[in-house]
A.B. asks: 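Have a look at this one before I ask anything.
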Amino acid sequence: MRPRVIMVLAIAAILAGGIMLVPAASARMNGDSGTFDLSKLGLPARTPAAPAPPAAPAPPTLAAAPVTVTVGPKSFFAWALLDRETGAISGSANSATATNSTESMIKAWIVSDYLRRVAEQGNQPPKTRLTQASSAIRDSDNIAAESLYRADGRTAVIRRMISMCGLTNTRISTRPGYVGWWSFTEMSAQDAVRLGECIKRGTAAGPKWTSWVLTEMTKVRGTTADKDQHPETGGGRWGIIDGLPASILQQGPVSIKNGWTLLNYDGKWHVNCLAVSDAWVLAVQTRYPGTRGLDYGAGVCESVAAQLVTPQPGAALRIPQPPVKG
């Protein structure tokens with residue numbers, strides 16, 4: 001009777017869907033130790049699940065981080081970084097309040113403002129004006145920028161920039177002898193990244209010309225070398241762009257516009273660096289004694305960019321510091 005009872009129970013278990021009772025019954029019937037091979041039921045063997053592949057590391061970018069740059073006595077230094085995804089601005093403690101004369105950095109706005117206004121009037125800029133616009137950005141052409149500035153209303157150009165780009169600490173020059181000069185516009189580092197964002201998002205140049213302006217800013221050319229520096233034009237491809245590793249540059253175009261002048265009234269270099277990418281906008285400002293040369297200012301901008309790279313590749317192993325020569 002005992003085998004028959006066990007068999008009845010097993011059949012009942014199968015009918016009830018409790019298939020795991022069958023192996024137990026069978027094991028007891030056969031005197032097994034309690035283990036059971038699923039292959040005896042004709043079921044496929046289980047294979048262990050493959051481990052999930054590790055998540056791909058985030059691509060390198062620029063992000064808020066401590067920055068160490070020593071510019072020495074009688075000098076000025078500020079920087080700001082705008083995260084384009086969140087809109088957050090980080091930077092040096094003085095990035096919202098201290099200002100520097102913009103020099104040629106503001107040419108990116110002068111060009112954008114002119115082209116947008118022409119398009120708003122339903123017109124196409126004359127070929128000569130478009131050539132001026134390109135030269136003002138690529139070669140930092142002072143004469144071309146001044147011509148566009150005058151054609152577009154002079155100080156009205158600066159007022160529109162402050163209003164349209166939401167600048168909070170920028171003012172038209174009131175310096176005696178330089179009142180209303182575009183190059184003497186005073187701007188904070190935080191406002192400089194707001195200006196870069198204003199250009200990037202299309203407010204500055206408008207829908208028709210934004211791509212053109214940003215592309216021209218990727219074609220800035222020339223170095224800090226004397227052979228590339230002339231009275232009314234100058235090589236401007238240096239600074240932030242030199243502090244970015246290939247892993248960032250390969251992600252997409254980086255548009256730049258620097259401004260630099262050795263001014264007679266204070267005997268100092270006034271240097272500004274602006275760079276715009278899809279992910280961030282970075283601005284660096286510095287002033288320092290003229291004896292140090294332009295390479296010094298370019299090195300300050302490069303150093304800030306290199307220190308903000310995250311995660312740090314080779315840049316972590318070198319934090320370039322411009323040499324202090326006086």
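All residue numbers in this chain count up from 1 along the given sequence. The model shown is predicted, which means the values in this text are computed figures rather than measured ones. FYI, side chains are in, hydrogens and waters are out, and symmetry mates aren't considered; it's all heavy atoms of this structure.
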A.B. asks: Any chance you could lay out the side chain to side chain contact (heavy atoms under 4.5 Å, CB included) test for Tyr149 and Ile106, step after step, and finish with the verdict?
C.D. replies: CA-CA 11 Å; Tyr149 183 66; Ile106 203 173; over 6 Å; no
A.B. asks: So, Asp141 versus Ser135: side-chain donor-acceptor pair below 3.5 Å or not?
C.D. replies: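 Side-chain D/A pair, Asp141 to Ser135: present.
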A.B. asks: What's the separation between atom OG1 in Thr224 and atom CD in Gln229, rounded to the nearest 0.5 Å?
C.D. replies: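 Answer for the OG1-CD pair, Thr224 versus Gln229, is 7.0 Å.
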A.B. asks: Does Gln121 have more than 12 heavy atoms from other residues, nucleotides or ligands lying within 6.0 Å of its CD?
C.D. replies: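 Count over threshold, so yes.
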A.B. asks: Kindly compute the distance separating CZ (Arg171) from CD1 (Ile158), expressed to the nearest 0.5 Å.
C.D. replies: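 Here the rounded value is 13.0 Å.
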A.B. asks: Do side-chain atoms of Asp191 reach the backbone of Thr170 as a donor and acceptor pair under 3.5 angstrom?
C.D. replies: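 Confirmed, Asp191 side chain pairs with Thr170 backbone.
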A.B. asks: Test of understanding: clusters of I, L, V, M, F, W, Y form through side-chain heavy atoms closer than 4.5 Å, transitively. Do Phe184 and Trp182 belong to the same one?
C.D. replies: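 No, no single cluster joins them.
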A.B. asks: Just so I know, are the side chains of Lys208 and Gln124 near enough to count as touching, which here means a heavy-atom distance under 4.5 Å?
C.D. replies: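 Side-chain contact under 4.5 Å: yes.
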A.B. asks: With no hydrogens and no angle check, is any side-chain donor or acceptor of Gln251 less than 3.5 Å from a backbone partner on Pro60?
C.D. replies: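 Here the side-chain-to-backbone pair exists.
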A.B. asks: Apply side chain to side chain contact (heavy atoms under 4.5 Å, CB included) to residues Val271 and Leu294 and explain how you reach the verdict.
C.D. replies: CA-CA 8 Å; Val271 175; Leu294 179 56; 4.2 Å; yes
A.B. asks: Taking the side chain as every heavy atom from C-beta outward, state whether Ile199 and Val276 have any atom pair closer than 4.5 Å.
C.D. replies: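 Of all side-chain heavy-atom pairs linking Val276 with Ile199, none is under 4.5 Å.
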A.B. asks: What distance do Leu115 atom CG and Glu216 atom CD have between them, rounded to the nearest 0.5 Å?
C.D. replies: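 One gets 9.5 Å once the value is rounded to the nearest 0.5 Å.
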A.B. asks: Give me the atom names and distance for the closest heavy-atom approach of Ser75 to Arg292.
C.D. replies: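 Of all heavy-atom pairs spanning Ser75 and Arg292, the closest is OG-NH1, 3.2 Å.
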A.B. asks: Do Val284 and Phe77 touch side chain to side chain, with heavy atoms closer than 4.5 Å?
C.D. replies: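 Counting from C-beta outward, Val284 and Phe77 do come under 4.5 Å.
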A.B. asks: Treating Lys107 as the side-chain partner and Ser140 as the backbone partner, does any N or O pair qualify as donor plus acceptor under 3.5 Å?
C.D. replies: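 Side chain of Lys107 to backbone of Ser140, a donor-acceptor pair under 3.5 Å: yes, one is there.
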A.B. asks: Once you measure the plane-to-plane angle for Tyr265 and Tyr178, does it fall in the parallel (<30°), tilted (30-60°) or perpendicular (>60°) bin?
C.D. replies: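 Rings of Tyr265 and Tyr178: tilted, 30 to 60°.
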A.B. asks: Check for a donor-acceptor pair, side chain of Arg237 on one end and backbone N or O of Thr218 on the other, with a separation under 3.5 Å.
C.D. replies: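 Answer holds: yes.
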A.B. asks: Distance from Leu274 atom CG to Asn258 atom CG, nearest 0.5 Å?
C.D. replies: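 Interatomic distance, Leu274 CG to Asn258 CG, rounded to 0.5 Å: 8.0 Å.
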A.B. asks: Any donor-acceptor pair under 3.5 Å linking the side-chain atoms of Arg175 with those of Ser101?
C.D. replies: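 No - no donor-acceptor pair under 3.5 Å links their side chains.
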A.B. asks: Gln285 side chain to Met187 main-chain N or O, any donor-acceptor pair under 3.5 Å?
C.D. replies: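 At least one qualifying donor-acceptor pair exists.
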A.B. asks: List the steps, then state whether side chain to side chain contact (heavy atoms under 4.5 Å, CB included) holds for Gln190 with Thr97.
C.D. replies: CA-CA 8 Å; Gln190 287 197 14; Thr97 56; over 6 Å; no
A.B. asks: Regarding Trp280 and Ser277, is there a side-chain donor-to-acceptor distance under 3.5 Å anywhere?
C.D. replies: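 Yes.
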A.B. asks: Is a side-chain N or O of Asp83 found less than 3.5 angstrom from the main chain of Ala88, in a donor-acceptor match?
C.D. replies: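 Side chain of Asp83 to backbone of Ala88: no pair is present.
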A.B. asks: Heavy-atom distance under 4.5 Å between the side chains of Trp109 and Lys257, does that happen here?
C.D. replies: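 No, too far: nothing below the 4.5 Å cut-off.
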A.B. asks: Identify whether Ile172 and Met164 are in the same connected component of the hydrophobic contact network (ILVMFWY, side-chain heavy atoms under 4.5 Å).
C.D. replies: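 Yes, Ile172 connects to Met164 through the hydrophobic network.
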A.B. asks: Is there a donor-acceptor contact under 3.5 Å from the side chain of Tyr288 to the main chain of Gly297?
C.D. replies: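 Yes, the answer is positive, given that a donor and an acceptor are paired below the 3.5 Å cut-off.
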A.B. asks: Looking at Asn123, Leu130, Asp152, which one forms a side-chain contact (heavy atoms from CB on, under 4.5 Å) with Val118?
C.D. replies: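 Checked Asn123, Leu130, Asp152 against Val118; only one passes side-chain contact (heavy atoms from CB on, under 4.5 Å): Asn123.
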A.B. asks: Can you hop from Trp181 to Leu167 via hydrophobic side chains spaced under 4.5 Å?
C.D. replies: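 In one cluster: no.
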A.B. asks: Give a yes or no on whether a salt bridge exists between Arg287 and Asp266, defined as a side-chain N under 4.0 angstrom from a carboxylate O.
C.D. replies: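 No salt bridge links Arg287 with Asp266.
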A.B. asks: Using distance alone, with no hydrogens and no angle criterion, decide if Trp238 and Glu302 have a side-chain donor and acceptor under 3.5 Å apart.
C.D. replies: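 Looking only at side-chain atoms, Glu302 and Trp238 do not form any donor-acceptor pair under 3.5 Å.
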A.B. asks: Say you draw a straight line from CD1 of Ile110 to OG of Ser147; how long is it, rounded to the nearest 0.5 Å?
C.D. replies: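 If we round to the nearest 0.5 Å, Ile110:CD1 and Ser147:OG are 11.0 Å apart.
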A.B. asks: Side chains of Thr215 and Pro253, heavy atoms from C-beta outward: is any pair under 4.5 Å?
C.D. replies: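 They are not in contact (no side-chain heavy atoms under 4.5 Å apart), so the answer is no.
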A.B. asks: Does any donor atom in the side chain of Ser163 or Arg159 lie under 3.5 Å from an acceptor atom in the other side chain?
C.D. replies: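 Side chains of Ser163 and Arg159: no pair found under 3.5 Å.
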A.B. asks: Would you check, one step at a time, whether the test side chain to side chain contact (heavy atoms under 4.5 Å, CB included) holds for His230 with Asp139?
C.D. replies: CA-CA 10 Å; His230 310 287; Asp139 300 312; over 6 Å; no
A.B. asks: Could you walk me through whether Thr203 and Arg201 pass the side-chain hydrogen bond (donor to acceptor under 3.5 Å, both in side chains) check?
C.D. replies: CA-CA 6 Å; Thr203 301; Arg201 70 172 179 255; 3.0 Å; yes
A.B. asks: Of all the heavy-atom pairs spanning Arg160 and Asp113, show the shortest one and how long it is.
C.D. replies: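 Closest approach of Arg160 to Asp113: NH2-OD2, 2.8 Å.
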A.B. asks: Does one hydrophobic cluster hold both Val179 and Leu263, with members joined at side-chain heavy-atom distances below 4.5 Å?
C.D. replies: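 No; Leu263 is not reachable from Val179 via cluster members.
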A.B. asks: When you compare the side chain of Leu195 with that of Met161, does any pair of heavy atoms fall below 4.5 Å?
C.D. replies: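 Touching, per the 4.5 Å side-chain cut-off.
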A.B. asks: Just so I know, are the side chains of Val111 and Leu148 near enough to count as touching, which here means a heavy-atom distance under 4.5 Å?
C.D. replies: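 Touching, per the 4.5 Å side-chain cut-off.
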A.B. asks: Could you check whether any side-chain N or O of Asn94 sits under 3.5 Å from a backbone N or O of Ala78, counting only pairs where one atom can act as donor and the other as acceptor?
C.D. replies: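 No; zero donor-acceptor contacts below 3.5 Å.
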A.B. asks: Please round to the nearest 0.5 Å and tell me the distance separating atom SG of Cys165 and atom CD of Glu197.
C.D. replies: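 It comes to 9.5 Å.
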A.B. asks: Are Ile240 and Ile256 packed together at the side-chain level, in the sense that at least one heavy-atom pair is separated by less than 4.5 angstrom?
C.D. replies: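 Ile240 does not reach Ile256 side chain to side chain.
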A.B. asks: Is there a donor-acceptor pair closer than 3.5 Å between any side-chain N or O of Ser112 and the backbone N or O of Ala108?
C.D. replies: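 Flag set: sc Ser112 to bb Ala108 pair under 3.5 Å.
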A.B. asks: May I ask you to decide if Val71's main-chain N or O and Tyr296's side chain share a donor-acceptor pair within less than 3.5 Å?
C.D. replies: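 Present.
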A.B. asks: Does one hydrophobic cluster hold both Ile143 and Ile137, with members joined at side-chain heavy-atom distances below 4.5 Å?
C.D. replies: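 Ile143 and Ile137: separate clusters.
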